[in-house]
There are 2 protein chains.
Amino acid sequence: MPSPRFTLDRSSPVPLYFQVAEQLEQAIVSGEIEAGERLENEIAMAQDLGLSRPTMRQAIQVLVDKGMLVRRRGVGTQVVRGQVHRPVELTSLFDDLSASGHQPHTKLLSIEQVGASEEIAEELQVSPDAPVWSVRRLRSIGEEPLALMHNYLPCDVVELGGVDLETQGLYAFLRDAGFVIRVARQRISARGVSGEESALLDEPEDSPLLTMQRTAYDNSGRAVEFGRHAYRPSLYSFDMTLVDR
Amino acid sequence: MPSPRFTLDRSSPVPLYFQVAEQLEQAIVSGEIEAGERLENEIAMAQDLGLSRPTMRQAIQVLVDKGMLVRRRGVGTQVVRGQVHRPVELTSLFDDLSASGHQPHTKLLSIEQVGASEEIAEELQVSPDAPVWSVRRLRSIGEEPLALMHNYLPCDVVELGGVDLETQGLYAFLRDAGFVIRVARQRISARGVSGEESALLDEPEDSPLLTMQRTAYDNSGRAVEFGRHAYRPSLYSFDMTLVDR
DNA sequence: GAGTGGTCTAGACCACCTC
DNA sequence: AGGTGGTCTAGACCACTCA
(Lines give C-alpha, C1' and ligand atoms only; values in the text may rest on other atoms or scores of the structure.)
Protein backbone atom coordinates (compact mmCIF):
# COMPACT_ATOMS: atom_id res chain seq x y z
CA MET A 1 0.00 0.00 0.00
CA PRO A 2 1.52 3.32 -1.06
CA SER A 3 2.08 5.78 1.77
CA PRO A 4 3.70 8.94 0.47
CA ARG A 5 4.68 11.32 3.23
CA PHE A 6 2.72 14.52 3.01
CA THR A 7 3.56 17.69 4.83
CA LEU A 8 0.78 19.93 6.11
CA ASP A 9 1.02 23.55 7.09
CA ARG A 10 -1.92 24.44 9.28
CA SER A 11 -0.89 28.08 9.42
CA SER A 12 -0.99 28.40 5.62
CA PRO A 13 -3.90 30.14 3.95
CA VAL A 14 -4.01 27.22 1.53
CA PRO A 15 -6.80 24.87 2.67
CA LEU A 16 -5.67 21.57 4.13
CA TYR A 17 -7.68 19.54 1.64
CA PHE A 18 -5.97 21.42 -1.17
CA GLN A 19 -2.51 20.87 0.27
CA VAL A 20 -3.23 17.15 0.42
CA ALA A 21 -4.74 17.08 -3.09
CA GLU A 22 -1.69 18.83 -4.54
CA GLN A 23 0.77 16.44 -2.97
CA LEU A 24 -1.34 13.41 -3.83
CA GLU A 25 -1.52 14.56 -7.44
CA GLN A 26 2.22 15.04 -7.47
CA ALA A 27 2.70 11.52 -6.10
CA ILE A 28 0.55 10.17 -8.95
CA VAL A 29 2.08 12.10 -11.84
CA SER A 30 5.59 11.42 -10.56
CA GLY A 31 4.81 7.70 -10.46
CA GLU A 32 5.42 7.41 -6.72
CA ILE A 33 1.95 5.92 -6.72
CA GLU A 34 1.61 3.74 -9.78
CA ALA A 35 -1.21 3.66 -12.31
CA GLY A 36 -3.83 1.13 -11.29
CA GLU A 37 -2.57 0.99 -7.72
CA ARG A 38 -5.01 1.12 -4.83
CA LEU A 39 -4.73 3.83 -2.20
CA GLU A 40 -4.95 3.31 1.51
CA ASN A 41 -8.52 3.72 2.71
CA GLU A 42 -9.58 7.26 3.41
CA ILE A 43 -10.10 6.82 7.15
CA ALA A 44 -6.55 5.56 7.62
CA MET A 45 -5.16 8.30 5.39
CA ALA A 46 -7.00 10.89 7.44
CA GLN A 47 -5.60 9.43 10.66
CA ASP A 48 -2.07 9.31 9.23
CA LEU A 49 -2.27 13.00 8.45
CA GLY A 50 -4.09 14.04 11.58
CA LEU A 51 -7.13 15.14 9.57
CA SER A 52 -10.82 14.45 9.90
CA ARG A 53 -12.34 12.07 7.40
CA PRO A 54 -14.44 14.71 5.59
CA THR A 55 -11.34 16.78 4.93
CA MET A 56 -9.48 13.77 3.59
CA ARG A 57 -12.49 12.89 1.43
CA GLN A 58 -12.56 16.41 0.05
CA ALA A 59 -8.91 16.11 -0.95
CA ILE A 60 -9.51 12.81 -2.73
CA GLN A 61 -12.60 14.21 -4.42
CA VAL A 62 -10.49 16.89 -6.10
CA LEU A 63 -8.53 14.20 -7.91
CA VAL A 64 -11.62 12.13 -8.64
CA ASP A 65 -13.09 15.20 -10.35
CA LYS A 66 -9.91 15.55 -12.39
CA GLY A 67 -10.29 11.97 -13.58
CA MET A 68 -7.10 10.79 -11.89
CA LEU A 69 -8.73 8.56 -9.26
CA VAL A 70 -11.78 6.30 -9.25
CA ARG A 71 -13.60 5.22 -6.11
CA ARG A 72 -15.66 2.09 -5.64
CA ARG A 73 -17.73 1.46 -2.57
CA GLY A 74 -16.65 -1.68 -0.79
CA VAL A 75 -13.45 -1.82 -2.79
CA GLY A 76 -11.33 1.26 -2.48
CA THR A 77 -9.73 4.07 -4.41
CA GLN A 78 -7.51 3.41 -7.42
CA VAL A 79 -5.37 5.45 -9.75
CA VAL A 80 -6.75 5.59 -13.29
CA ARG A 81 -4.47 4.00 -15.86
CA GLY A 82 -3.42 5.70 -19.02
CA GLN A 83 -1.61 8.84 -19.89
CA VAL A 84 -2.78 11.97 -18.17
CA HIS A 85 -3.82 14.50 -20.74
CA ARG A 86 -4.12 18.11 -19.82
CA PRO A 87 -7.74 18.96 -19.15
CA VAL A 88 -9.64 21.80 -20.71
CA GLU A 89 -9.37 24.74 -18.40
CA LEU A 90 -10.57 28.29 -18.27
CA THR A 91 -7.39 29.69 -19.72
CA SER A 92 -6.73 31.56 -22.88
CA LEU A 93 -4.87 30.08 -25.78
CA PHE A 94 -2.09 32.46 -24.88
CA ASP A 95 -1.72 30.84 -21.47
CA ASP A 96 -1.87 27.39 -23.05
CA LEU A 97 0.99 28.05 -25.40
CA SER A 98 3.12 29.96 -22.93
CA ALA A 99 2.93 27.00 -20.60
CA SER A 100 4.09 24.62 -23.30
CA GLY A 101 7.21 26.67 -23.94
CA HIS A 102 6.35 28.09 -27.35
CA GLN A 103 6.59 31.74 -28.25
CA PRO A 104 3.11 32.86 -29.17
CA HIS A 105 2.28 36.37 -30.22
CA THR A 106 -0.85 38.23 -31.05
CA LYS A 107 -1.70 40.75 -33.71
CA LEU A 108 -4.63 43.02 -33.07
CA LEU A 109 -6.54 43.18 -36.35
CA SER A 110 -9.30 45.50 -35.21
CA ILE A 111 -11.03 46.83 -32.15
CA GLU A 112 -14.20 48.88 -32.32
CA GLN A 113 -17.55 49.49 -30.73
CA VAL A 114 -20.47 48.10 -32.70
CA GLY A 115 -24.14 47.49 -32.12
CA ALA A 116 -24.94 43.98 -30.95
CA SER A 117 -26.48 41.70 -33.53
CA GLU A 118 -29.44 39.66 -32.45
CA GLU A 119 -27.31 36.62 -31.69
CA ILE A 120 -24.59 38.54 -29.87
CA ALA A 121 -27.23 40.37 -27.85
CA GLU A 122 -28.77 37.11 -26.74
CA GLU A 123 -25.44 35.54 -25.83
CA LEU A 124 -24.31 38.59 -23.84
CA GLN A 125 -27.73 39.25 -22.31
CA VAL A 126 -27.88 42.80 -23.63
CA SER A 127 -30.45 44.58 -25.80
CA PRO A 128 -30.13 44.25 -29.57
CA ASP A 129 -28.02 47.12 -30.97
CA ALA A 130 -26.56 47.81 -27.51
CA PRO A 131 -22.91 48.88 -27.83
CA VAL A 132 -20.43 46.05 -27.56
CA TRP A 133 -16.70 45.85 -28.13
CA SER A 134 -15.72 43.85 -31.19
CA VAL A 135 -12.14 42.60 -31.09
CA ARG A 136 -10.43 40.63 -33.81
CA ARG A 137 -7.02 39.12 -33.19
CA LEU A 138 -4.69 36.75 -34.99
CA ARG A 139 -2.69 34.47 -32.77
CA SER A 140 0.49 32.92 -34.12
CA ILE A 141 3.21 30.69 -32.88
CA GLY A 142 6.61 31.38 -34.32
CA GLU A 143 5.87 32.17 -37.96
CA GLU A 144 2.78 29.97 -38.06
CA PRO A 145 -0.64 31.57 -37.81
CA LEU A 146 -2.63 29.55 -35.36
CA ALA A 147 -6.02 31.01 -34.68
CA LEU A 148 -8.33 33.82 -35.63
CA MET A 149 -10.27 35.13 -32.68
CA HIS A 150 -13.31 37.36 -32.71
CA ASN A 151 -14.57 38.45 -29.31
CA TYR A 152 -17.47 40.59 -28.14
CA LEU A 153 -17.77 42.27 -24.73
CA PRO A 154 -20.56 44.53 -23.45
CA CYS A 155 -19.36 48.16 -23.31
CA ASP A 156 -21.28 48.86 -20.14
CA VAL A 157 -19.46 46.07 -18.37
CA VAL A 158 -15.91 46.26 -19.68
CA GLU A 159 -13.80 49.26 -20.74
CA LEU A 160 -11.36 48.15 -23.42
CA GLY A 161 -10.16 51.63 -24.47
CA GLY A 162 -6.37 51.78 -24.33
CA VAL A 163 -5.97 48.14 -23.35
CA ASP A 164 -3.00 46.42 -24.99
CA LEU A 165 -4.43 43.13 -26.17
CA GLU A 166 -1.29 42.20 -28.06
CA THR A 167 0.84 41.82 -24.94
CA GLN A 168 -1.84 40.57 -22.61
CA GLY A 169 -4.41 37.83 -23.19
CA LEU A 170 -8.06 38.80 -22.96
CA TYR A 171 -8.63 36.55 -19.97
CA ALA A 172 -5.55 37.91 -18.20
CA PHE A 173 -6.90 41.43 -18.74
CA LEU A 174 -10.32 40.50 -17.43
CA ARG A 175 -8.73 38.91 -14.36
CA ASP A 176 -6.68 42.04 -13.69
CA ALA A 177 -9.78 44.18 -14.18
CA GLY A 178 -11.48 42.28 -11.38
CA PHE A 179 -13.62 39.88 -13.37
CA VAL A 180 -13.61 36.39 -11.93
CA ILE A 181 -14.65 34.04 -14.69
CA ARG A 182 -16.29 31.05 -13.09
CA VAL A 183 -18.44 29.49 -15.78
CA ALA A 184 -18.20 29.26 -19.55
CA ARG A 185 -20.34 27.49 -22.11
CA GLN A 186 -18.77 26.53 -25.37
CA ARG A 187 -19.53 24.77 -28.62
CA ILE A 188 -16.89 23.12 -30.77
CA SER A 189 -17.41 22.27 -34.42
CA ALA A 190 -15.69 22.58 -37.79
CA ARG A 191 -16.17 24.28 -41.15
CA GLY A 192 -14.26 25.20 -44.27
CA VAL A 193 -12.03 28.24 -44.35
CA SER A 194 -13.58 31.41 -45.78
CA GLY A 195 -11.95 33.79 -48.22
CA GLU A 196 -10.49 36.36 -45.87
CA GLU A 197 -9.42 33.75 -43.34
CA SER A 198 -7.56 31.83 -45.98
CA ALA A 199 -4.97 34.58 -46.32
CA LEU A 200 -4.75 35.44 -42.64
CA LEU A 201 -4.31 31.85 -41.53
CA ASP A 202 -2.14 30.87 -44.50
CA GLU A 203 -4.44 27.98 -45.35
CA PRO A 204 -5.38 26.99 -48.91
CA GLU A 205 -8.97 27.14 -50.11
CA ASP A 206 -11.26 24.39 -48.79
CA SER A 207 -9.05 23.71 -45.77
CA PRO A 208 -10.90 22.54 -42.67
CA LEU A 209 -10.96 24.77 -39.61
CA LEU A 210 -11.73 23.84 -36.02
CA THR A 211 -14.20 26.31 -34.55
CA MET A 212 -15.09 27.17 -30.99
CA GLN A 213 -17.63 29.64 -29.72
CA ARG A 214 -17.78 30.47 -26.06
CA THR A 215 -19.75 32.62 -23.66
CA ALA A 216 -18.05 33.35 -20.34
CA TYR A 217 -19.81 34.38 -17.14
CA ASP A 218 -18.31 36.09 -14.09
CA ASN A 219 -18.92 35.15 -10.49
CA SER A 220 -22.17 37.08 -10.38
CA GLY A 221 -23.52 34.99 -13.22
CA ARG A 222 -23.37 37.83 -15.75
CA ALA A 223 -22.24 37.24 -19.34
CA VAL A 224 -18.93 39.04 -19.82
CA GLU A 225 -17.54 37.79 -23.09
CA PHE A 226 -18.64 35.99 -26.24
CA GLY A 227 -16.13 34.76 -28.75
CA ARG A 228 -15.95 32.93 -32.04
CA HIS A 229 -12.59 31.40 -32.75
CA ALA A 230 -11.21 29.45 -35.68
CA TYR A 231 -8.17 27.25 -35.24
CA ARG A 232 -5.93 25.53 -37.74
CA PRO A 233 -6.60 21.90 -36.83
CA SER A 234 -3.06 20.84 -37.68
CA LEU A 235 -1.85 23.05 -34.83
CA TYR A 236 -4.62 22.86 -32.29
CA SER A 237 -7.07 20.45 -30.72
CA PHE A 238 -9.22 20.39 -27.62
CA ASP A 239 -8.26 17.89 -24.96
CA MET A 240 -10.59 17.17 -22.09
CA THR A 241 -11.38 14.69 -19.40
CA LEU A 242 -14.97 13.71 -18.73
CA VAL A 243 -15.95 12.39 -15.32
CA ASP A 244 -19.25 10.70 -14.58
CA ARG A 245 -20.58 11.90 -11.24
CA MET B 1 -36.01 35.79 -1.94
CA PRO B 2 -37.20 32.67 -3.78
CA SER B 3 -38.38 29.84 -1.58
CA PRO B 4 -39.58 26.93 -3.67
CA ARG B 5 -41.17 24.20 -1.62
CA PHE B 6 -39.18 21.02 -1.81
CA THR B 7 -40.40 17.63 -0.73
CA LEU B 8 -37.99 15.19 0.85
CA ASP B 9 -38.41 11.45 1.21
CA ARG B 10 -36.09 10.23 3.92
CA SER B 11 -37.05 6.62 3.27
CA SER B 12 -36.02 6.84 -0.38
CA PRO B 13 -32.74 5.30 -1.49
CA VAL B 14 -32.08 8.54 -3.40
CA PRO B 15 -29.71 10.63 -1.28
CA LEU B 16 -31.21 13.71 0.33
CA TYR B 17 -28.67 16.05 -1.27
CA PHE B 18 -29.61 14.62 -4.67
CA GLN B 19 -33.33 15.01 -4.07
CA VAL B 20 -32.73 18.67 -3.21
CA ALA B 21 -30.41 19.20 -6.17
CA GLU B 22 -32.98 17.75 -8.59
CA GLN B 23 -35.78 19.94 -7.34
CA LEU B 24 -33.57 23.00 -7.21
CA GLU B 25 -32.49 22.39 -10.80
CA GLN B 26 -36.10 21.99 -11.82
CA ALA B 27 -36.95 25.29 -10.13
CA ILE B 28 -34.21 26.98 -12.11
CA VAL B 29 -34.92 25.53 -15.55
CA SER B 30 -38.66 26.10 -15.10
CA GLY B 31 -38.00 29.74 -14.28
CA GLU B 32 -39.51 29.51 -10.81
CA ILE B 33 -36.17 30.90 -9.72
CA GLU B 34 -35.12 33.50 -12.26
CA ALA B 35 -31.77 33.90 -13.96
CA GLY B 36 -29.51 36.20 -11.95
CA GLU B 37 -31.63 35.83 -8.85
CA ARG B 38 -29.98 35.24 -5.48
CA LEU B 39 -30.86 32.19 -3.42
CA GLU B 40 -31.57 32.17 0.26
CA ASN B 41 -28.41 31.52 2.23
CA GLU B 42 -27.49 27.90 2.67
CA ILE B 43 -27.93 27.79 6.44
CA ALA B 44 -31.49 29.04 6.19
CA MET B 45 -32.26 26.68 3.32
CA ALA B 46 -30.93 23.78 5.37
CA GLN B 47 -33.10 24.79 8.30
CA ASP B 48 -36.16 25.19 6.09
CA LEU B 49 -35.73 21.64 4.85
CA GLY B 50 -34.70 20.15 8.16
CA LEU B 51 -31.27 19.26 6.82
CA SER B 52 -27.79 19.83 8.13
CA ARG B 53 -25.73 22.52 6.47
CA PRO B 54 -23.19 20.12 4.87
CA THR B 55 -26.01 18.23 3.18
CA MET B 56 -27.53 21.45 1.86
CA ARG B 57 -24.09 22.56 0.66
CA GLN B 58 -23.63 19.27 -1.15
CA ALA B 59 -26.93 19.78 -2.96
CA ILE B 60 -25.96 23.29 -4.04
CA GLN B 61 -22.52 22.08 -5.09
CA VAL B 62 -24.11 19.73 -7.62
CA LEU B 63 -25.59 22.70 -9.46
CA VAL B 64 -22.44 24.79 -9.09
CA ASP B 65 -20.56 21.96 -10.80
CA LYS B 66 -23.12 21.98 -13.58
CA GLY B 67 -22.50 25.69 -14.10
CA MET B 68 -26.04 26.67 -13.12
CA LEU B 69 -25.18 28.46 -9.87
CA VAL B 70 -22.26 30.64 -8.77
CA ARG B 71 -21.29 31.20 -5.16
CA ARG B 72 -19.46 34.19 -3.74
CA ARG B 73 -18.22 34.32 -0.19
CA GLY B 74 -19.75 37.19 1.67
CA VAL B 75 -22.38 37.69 -1.00
CA GLY B 76 -24.45 34.61 -1.66
CA THR B 77 -25.49 32.16 -4.33
CA GLN B 78 -26.90 33.31 -7.67
CA VAL B 79 -28.36 31.68 -10.73
CA VAL B 80 -26.12 32.02 -13.80
CA ARG B 81 -27.71 34.04 -16.58
CA GLY B 82 -27.91 32.84 -20.12
CA GLN B 83 -29.39 29.87 -21.86
CA VAL B 84 -28.59 26.52 -20.41
CA HIS B 85 -26.89 24.39 -23.00
CA ARG B 86 -26.79 20.68 -22.58
CA PRO B 87 -23.41 19.65 -21.18
CA VAL B 88 -21.15 17.03 -22.62
CA GLU B 89 -21.91 13.79 -20.90
CA LEU B 90 -20.73 10.24 -21.00
CA THR B 91 -23.39 9.14 -23.41
CA SER B 92 -23.16 7.80 -26.89
CA LEU B 93 -24.24 9.70 -29.92
CA PHE B 94 -27.09 7.25 -30.15
CA ASP B 95 -28.37 8.34 -26.75
CA ASP B 96 -27.93 11.99 -27.67
CA LEU B 97 -30.07 11.72 -30.75
CA SER B 98 -32.71 9.52 -29.22
CA ALA B 99 -33.22 12.09 -26.51
CA SER B 100 -33.71 14.85 -29.06
CA GLY B 101 -36.50 12.96 -30.76
CA HIS B 102 -34.77 12.03 -33.99
CA GLN B 103 -34.69 8.57 -35.44
CA PRO B 104 -31.06 7.51 -35.58
CA HIS B 105 -29.91 4.21 -36.87
CA THR B 106 -26.64 2.42 -37.15
CA LYS B 107 -25.07 0.30 -39.84
CA LEU B 108 -22.36 -2.10 -38.82
CA LEU B 109 -19.67 -1.81 -41.48
CA SER B 110 -17.25 -4.33 -40.03
CA ILE B 111 -16.34 -6.12 -36.86
CA GLU B 112 -13.20 -8.18 -36.49
CA GLN B 113 -10.37 -9.06 -34.21
CA VAL B 114 -7.07 -7.45 -35.13
CA GLY B 115 -3.66 -7.00 -33.55
CA ALA B 116 -3.29 -3.71 -31.71
CA SER B 117 -1.17 -1.11 -33.46
CA GLU B 118 1.36 0.70 -31.35
CA GLU B 119 -0.95 3.63 -30.75
CA ILE B 120 -4.00 1.51 -29.98
CA ALA B 121 -1.92 -0.63 -27.64
CA GLU B 122 -0.78 2.40 -25.72
CA GLU B 123 -4.27 3.88 -25.47
CA LEU B 124 -5.80 0.59 -24.31
CA GLN B 125 -2.88 -0.34 -22.08
CA VAL B 126 -2.32 -3.68 -23.79
CA SER B 127 0.76 -5.16 -25.46
CA PRO B 128 1.40 -4.27 -29.11
CA ASP B 129 -0.23 -6.87 -31.40
CA ALA B 130 -2.51 -8.03 -28.58
CA PRO B 131 -5.94 -8.98 -29.95
CA VAL B 132 -8.47 -6.17 -29.94
CA TRP B 133 -11.93 -5.83 -31.41
CA SER B 134 -12.12 -3.39 -34.28
CA VAL B 135 -15.63 -2.11 -34.95
CA ARG B 136 -16.64 0.28 -37.68
CA ARG B 137 -20.10 1.74 -37.75
CA LEU B 138 -21.94 4.39 -39.72
CA ARG B 139 -24.49 6.36 -37.78
CA SER B 140 -27.25 8.15 -39.65
CA ILE B 141 -30.26 10.23 -38.83
CA GLY B 142 -33.15 9.80 -41.22
CA GLU B 143 -31.48 9.57 -44.60
CA GLU B 144 -28.52 11.68 -43.57
CA PRO B 145 -25.24 10.01 -42.69
CA LEU B 146 -23.98 11.62 -39.54
CA ALA B 147 -20.84 10.00 -38.23
CA LEU B 148 -18.31 7.34 -38.96
CA MET B 149 -17.18 5.56 -35.84
CA HIS B 150 -14.20 3.29 -35.41
CA ASN B 151 -13.82 1.70 -31.99
CA TYR B 152 -11.28 -0.65 -30.46
CA LEU B 153 -11.83 -2.81 -27.37
CA PRO B 154 -9.41 -5.29 -25.75
CA CYS B 155 -10.53 -8.88 -26.47
CA ASP B 156 -9.48 -10.07 -23.04
CA VAL B 157 -11.74 -7.53 -21.41
CA VAL B 158 -14.84 -7.46 -23.59
CA GLU B 159 -16.54 -10.23 -25.58
CA LEU B 160 -18.23 -8.71 -28.62
CA GLY B 161 -19.05 -11.95 -30.43
CA GLY B 162 -22.75 -12.06 -31.28
CA VAL B 163 -23.46 -8.60 -29.92
CA ASP B 164 -25.93 -6.61 -32.00
CA LEU B 165 -24.31 -3.22 -32.28
CA GLU B 166 -26.89 -1.94 -34.75
CA THR B 167 -29.76 -1.99 -32.27
CA GLN B 168 -27.82 -1.13 -29.17
CA GLY B 169 -25.23 1.58 -28.66
CA LEU B 170 -21.74 0.54 -27.64
CA TYR B 171 -22.01 2.30 -24.31
CA ALA B 172 -25.39 0.76 -23.60
CA PHE B 173 -23.89 -2.66 -24.30
CA LEU B 174 -20.93 -1.99 -22.02
CA ARG B 175 -23.27 -0.85 -19.27
CA ASP B 176 -25.36 -4.00 -19.60
CA ALA B 177 -22.20 -6.09 -19.59
CA GLY B 178 -21.32 -4.65 -16.20
CA PHE B 179 -18.80 -2.03 -17.19
CA VAL B 180 -19.24 1.21 -15.30
CA ILE B 181 -17.59 3.93 -17.34
CA ARG B 182 -16.48 6.63 -14.95
CA VAL B 183 -13.73 8.52 -16.75
CA ALA B 184 -13.01 9.30 -20.39
CA ARG B 185 -10.32 11.38 -22.01
CA GLN B 186 -11.03 12.85 -25.40
CA ARG B 187 -9.50 15.05 -28.04
CA ILE B 188 -11.51 17.04 -30.53
CA SER B 189 -10.11 18.41 -33.76
CA ALA B 190 -10.89 18.64 -37.47
CA ARG B 191 -9.54 17.44 -40.81
CA GLY B 192 -10.55 17.05 -44.41
CA VAL B 193 -12.63 14.09 -45.50
CA SER B 194 -10.70 11.14 -46.93
CA GLY B 195 -11.60 9.17 -50.05
CA GLU B 196 -13.57 6.30 -48.56
CA GLU B 197 -15.29 8.53 -46.03
CA SER B 198 -16.46 10.86 -48.74
CA ALA B 199 -18.83 8.25 -50.15
CA LEU B 200 -19.97 6.84 -46.80
CA LEU B 201 -20.74 10.25 -45.33
CA ASP B 202 -22.10 11.69 -48.57
CA GLU B 203 -19.72 14.63 -48.38
CA PRO B 204 -17.93 16.11 -51.39
CA GLU B 205 -14.14 16.09 -51.64
CA ASP B 206 -12.32 18.55 -49.36
CA SER B 207 -15.24 18.83 -46.95
CA PRO B 208 -14.27 19.49 -43.35
CA LEU B 209 -14.96 16.83 -40.74
CA LEU B 210 -15.15 17.20 -36.98
CA THR B 211 -13.08 14.50 -35.30
CA MET B 212 -13.11 13.10 -31.80
CA GLN B 213 -10.95 10.42 -30.30
CA ARG B 214 -11.72 9.06 -26.90
CA THR B 215 -10.39 6.55 -24.42
CA ALA B 216 -12.86 5.37 -21.79
CA TYR B 217 -11.97 3.86 -18.43
CA ASP B 218 -14.16 1.74 -16.15
CA ASN B 219 -14.49 2.16 -12.42
CA SER B 220 -11.35 0.16 -11.75
CA GLY B 221 -9.34 2.61 -13.82
CA ARG B 222 -8.81 0.18 -16.69
CA ALA B 223 -8.99 1.30 -20.32
CA VAL B 224 -12.03 -0.35 -21.89
CA GLU B 225 -12.56 1.39 -25.19
CA PHE B 226 -10.73 3.61 -27.64
CA GLY B 227 -12.54 5.26 -30.51
CA ARG B 228 -11.91 7.55 -33.43
CA HIS B 229 -15.00 9.22 -34.75
CA ALA B 230 -15.61 11.61 -37.62
CA TYR B 231 -18.73 13.78 -37.66
CA ARG B 232 -20.28 15.90 -40.34
CA PRO B 233 -19.94 19.33 -38.78
CA SER B 234 -23.15 20.57 -40.34
CA LEU B 235 -25.00 18.00 -38.26
CA TYR B 236 -23.00 17.76 -35.10
CA SER B 237 -21.09 19.87 -32.59
CA PHE B 238 -19.81 19.43 -29.07
CA ASP B 239 -21.46 21.54 -26.40
CA MET B 240 -19.95 21.76 -22.95
CA THR B 241 -19.94 23.82 -19.82
CA LEU B 242 -16.65 24.61 -18.11
CA VAL B 243 -16.59 25.40 -14.43
CA ASP B 244 -13.64 26.91 -12.62
CA ARG B 245 -13.19 25.25 -9.27
C1' DG C 1 -18.01 -10.92 8.40
C1' DA C 2 -14.72 -7.51 7.52
C1' DG C 3 -13.54 -3.60 5.01
C1' DT C 4 -14.59 0.03 1.90
C1' DG C 5 -16.67 4.30 0.27
C1' DG C 6 -21.45 7.07 0.49
C1' DT C 7 -24.27 9.78 3.26
C1' DC C 8 -25.60 12.60 7.14
C1' DT C 9 -25.44 15.23 11.54
C1' DA C 10 -24.46 19.42 14.65
C1' DG C 11 -21.75 22.07 15.57
C1' DA C 12 -17.18 25.52 15.12
C1' DC C 13 -14.09 29.20 13.38
C1' DC C 14 -12.61 31.89 9.61
C1' DA C 15 -12.23 34.95 5.27
C1' DC C 16 -14.54 37.84 2.55
C1' DC C 17 -18.03 41.23 1.03
C1' DT C 18 -21.26 44.88 1.78
C1' DC C 19 -23.04 48.54 4.35
C1' DA D 1 -20.85 45.20 12.16
C1' DG D 2 -23.40 41.77 10.14
C1' DG D 3 -24.09 38.32 6.80
C1' DT D 4 -22.30 35.17 3.49
C1' DG D 5 -19.87 31.10 1.84
C1' DG D 6 -15.26 28.26 2.81
C1' DT D 7 -13.19 25.14 5.78
C1' DC D 8 -12.78 21.79 9.42
C1' DT D 9 -13.99 18.56 13.22
C1' DA D 10 -15.62 14.01 15.37
C1' DG D 11 -18.41 11.32 15.24
C1' DA D 12 -22.66 8.07 13.18
C1' DC D 13 -25.12 4.70 10.24
C1' DC D 14 -25.60 2.57 5.84
C1' DA D 15 -24.74 0.10 1.16
C1' DC D 16 -21.81 -2.33 -1.30
C1' DT D 17 -17.95 -5.75 -2.38
C1' DC D 18 -15.31 -9.57 -1.56
C1' DA D 19 -13.43 -13.47 0.80
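- Rounded to whole Å, atom C1' of dG3(C) lies 9 Å from atom CD1 of I43(A).
- Between Q78(B) atom CD and dT4(D) atom P the separation is 13 Å, expressed in whole Å.
- With sequence neighbours excluded, the residues forming a side-chain contact (heavy atoms from CB on, under 4.5 Å) with A46(B) are M56(B), listed by chain and number.
- Taking atom CZ on R71(A) and atom C1' on dT17(D), their separation rounds to 16 Å, with Å as the unit.
- Atom P of nucleotide dG5(D) and atom CZ of R182(A) are separated by 14 Å, given to the nearest angstrom.
- For E40(B) and dG5(D), the CD to C1' distance is 14 Å, given to the nearest whole Å.
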Report the C-alpha separation of E25(A) and K66(A) in whole Å, then their side-chain angles, then the decisive distance to 0.1 Å, and conclude whether the salt bridge (charged side-chain N to carboxylate O under 4.0 Å, His left out) test is met. CA-CA 10 Å; E25(A) 177 169 3; K66(A) 285 190 179 182; 2.8 Å; yes
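- Rounded to whole angstrom, the span from the CD atom of Q61(A) across to the C1' atom of dC8(D) amounts to 17 Å.
- Per the geometry, CE belonging to M45(B) stands 13 Å off C1' belonging to dG5(D), to the nearest Å.
- Here the CG atom belonging to L69(B) is positioned 13.0 Å from the CZ atom belonging to R182(A), to the nearest 0.5 angstrom.
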Tell me, for nucleotides 9-19 of chain C in 5' to 3' order, what letter each nucleotide earns: B for a base near a protein heavy atom under 4.0 Å, S for only sugar-phosphate near one, - for neither? BB-B--BBB--
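- Comparing atom distances between the R38(A) side chain and each of dT7(C), dT4(C), dG5(C) picks out dT4(C) as nearest.
- N219(A) places its CG atom 12 Å from the C1' atom of dG5(D), with the value rounded to the nearest Å.
- Cation-pi contact between R81(B) and Y217(A): absent, since separation from the ring centre below 6.0 Å together with deviation from the ring axis within 45° is not met.
- By the 4.0 Å N-to-carboxylate-O rule, R185(B) lies too far from D239(A) to be salt-bridged with it.
- Residue T77(A) places at least one side-chain N or O closer than 4.0 Å to OP1 or OP2 of dG5(C).
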Sequence neighbours left out, cut at 3.5 Å: what donor-acceptor pairs do the side chains of residues 127-135 of chain A make with other protein atoms?
{"from": "W133(A)", "atom 1": "NE1", "to": "V158(A)", "atom 2": "O", "distance (Å)": "3.0"}
{"from": "S134(A)", "atom 1": "OG", "to": "H150(A)", "atom 2": "NE2", "distance (Å)": "2.9"}

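- Remark: N41(B) is not in phosphate contact with dG3(D), judged by side-chain N or O atoms under 4.0 Å from OP1 or OP2.
- Note on E42(A) versus R71(A): salt bridge recorded, some NZ/NE/NH1/NH2 to OD/OE distance being below 4.0 Å.
- Residue Y17(B) has no polar side-chain atom (N or O) positioned under 4.0 Å from OP1 or OP2 of dC8(C).
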